[in-house]
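The structure appears right after this line, and notes come after that.
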Amino acid sequence: MNPNLINQLNSHLGANGLPYPIPIHPNLVHFTLGLFIIAIGFDFVGVFFPLEKPIFKLLAIQATRSSFFDVGWYNMLASAIITLFTVAAGFYEIMLAEPIPGVKSAWGLQGMETMLWHGVGGVFLLGLIIGMTVWRGFQRYLWRNDEARQVQWSYLLIGVFILFLMFLHGTLGAQLAAEFGVHNTATGLLKLGKQTNFLLQ
């Protein structure tokens, strides 16, 4: 690539190393996490509904088992859709990332290694989430549409395992921002020799 083009791009980047004031990827990540957690959580509530029904009745909460499964399905579908944008934004922002050199994370990885693992892990998680969504759709509309319990135990257990993978993956992302200063506005301002409250004035 032409070095002049790179220099032109760099002249338009803010203190966070991006051409916009707030990183998009970390915000979309929280949508992905929240939607996936809600999807698996409500499916668990639907599975254990016969045990919880007296509690709902005592609290005068009108709830049906199918409603919990509806929430599980639509949140899983939304999670798959938003994760496409999450990964796309992540790859765009990782191309502009400049991790602090000579630093090792709490896991003993350097900046470039952390970015590679985070990028590959993001694509892997995207595949898992899409696979879970397809699996959930088959359960809802074909395999278990006549059954009171709409999801299989294997689906729920794999969902919990994916949540654990998300925790590990999210830790890598947090290390990129906190330990390597990637797209961290405060770190960028300190590099420029400016006060961290510079943008607030």
Side-chain angles (χ1 to χ4, degrees), residues 20 22-94 106-107 114 117-178 183:
Y20 36 84
I22 299 172
I24 295 171
H25 175 71
N27 293 297
L28 292 179
V29 161
H30 289 90
F31 276 116
T32 292
L33 284 171
L35 292 167
F36 192 87
I37 291 168
I38 290 170
I40 296 298
F42 272 81
D43 279 340
F44 265 108
V45 174
V47 165
F48 290 112
F49 184 76
L51 302 175
E52 301 152 355
K53 195 172 181 180
I55 299 170
F56 290 128
K57 190 173 183 180
L58 178 68
L59 297 173
I61 297 173
Q62 294 183 349
T64 60
R65 194 176 202 183
S66 62
S67 297
F68 291 112
F69 289 128
D70 287 345
V71 174
W73 160 244
Y74 287 114
N75 275 272
M76 185 60 71
L77 182 62
S79 177
I81 293 168
I82 201 73
T83 303
L84 290 168
F85 296 100
T86 302
V87 171
F91 271 96
Y92 174 72
E93 292 181 2
I94 211 168
W107 288 3
T114 305
W117 279 110
H118 191 64
V120 170
V123 174
F124 182 67
L125 280 173
L126 171 63
L128 288 177
I129 291 170
I130 290 174
M132 288 288 283
T133 305
V134 171
W135 187 5
R136 183 69 174 80
F138 274 110
Q139 290 175 89
R140 179 179 174 87
Y141 294 109
L142 294 175
W143 301 337
R144 304 180 70 86
N145 63 337
D146 293 329
E147 297 185 32
R149 182 167 59 85
Q150 201 177 96
V151 293
Q152 300 164 315
W153 278 108
S154 54
Y155 168 83
L156 293 175
L157 294 175
I158 290 175
V160 171
F161 177 69
I162 291 173
L163 288 174
F164 174 70
L165 292 180
M166 286 179 168
F167 165 74
L168 296 177
H169 183 71
T171 302
L172 286 173
Q175 288 171 351
L176 283 172
H183 304 314

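One-based numbering along the sequence shown.
For the atom pair CD1 of Ile129 and OG1 of Thr32, the computed distance is 6.0 Å after rounding to the nearest 0.5 Å. With rounding to the nearest 0.5 Å, the separation of CH2 in Trp153 from CD1 in Ile158 is 14.0 Å. Summarising the geometry, atom CG belonging to Leu125 is positioned 11.0 Å from atom CD1 belonging to Ile130; distances are rounded to the nearest 0.5 Å. The line from CG of Leu176 to NE2 of His118 is 6.0 Å long, rounded to the nearest 0.5 Å. Note that the CG atom of Asn75 and the CG atom of Asp70 stand 11.0 Å from one another [nearest 0.5 Å].
Using a 4.5 Å heavy-atom cutoff, the side chains of Leu35 and Ile81 are not in contact. Counting only heavy atoms from C-beta outward, the side chains of Val71 and Ile38 approach each other to under 4.5 Å. Looking only at side-chain heavy atoms (C-beta outward), Met76 and Ile40 come within less than 4.5 Å of each other. Looking at Val123 and Phe91, their side chains come closer than 4.5 Å, going by heavy atoms from C-beta outward. Taking the side chain as every heavy atom from C-beta outward, Leu128 and Phe124 approach each other to under 4.5 Å. Considering only heavy atoms from C-beta on, Tyr141 comes within 4.5 Å of Trp73 through its side chain. Within the 4.5 Å cutoff, the side chain of Thr114 has no heavy atoms near those of the Trp117 side chain. The side-chain heavy atoms of Leu156 and Phe44, taken from C-beta on, include a pair separated by under 4.5 Å.
With His25 contributing its side chain and Val87 its backbone, the two residues share no donor-acceptor pair below 3.5 Å. Panel note: side chain Gln139, backbone Gln152; a donor-acceptor pair is recorded below 3.5 Å.
Atom CZ of Phe42 is surrounded by 12 or fewer heavy atoms from other residues, nucleotides or ligands within 6.0 Å. The local environment of CH2 in Trp135 is crowded, with over 12 non-hydrogen atoms from other residues, nucleotides or ligands closer than 6.0 Å.
Applying the salt bridge (Lys or Arg N to Asp or Glu O under 4.0 Å) test to residues at least two apart or on different chains, none of the pairs has a partner in residues 123-134. Under the salt bridge (Lys or Arg N to Asp or Glu O under 4.0 Å) criterion, the residue pairs touching residues 128-138 are Asp43-Arg136, with sequence neighbours excluded.
Closest heavy-atom contact between Gly72 and Ala39: O-CB, 3.3 Å. When all heavy atoms of Leu126 and Ala80 are compared, the pair lying nearest together is CD1-O, 4.4 Å. For the residue pair Val47 and Phe69, the shortest heavy atom distance occurs at N-CZ, 3.7 Å.
Both tests hold for Arg140 against Tyr74: distance to the six-membered ring centre under 6.0 Å, angle to the ring axis within 45°.
Each of Thr171, Ile37, Leu33 was checked for a side-chain contact (heavy atoms from CB on, under 4.5 Å) with Met166, and the lone residue meeting it is Leu33.
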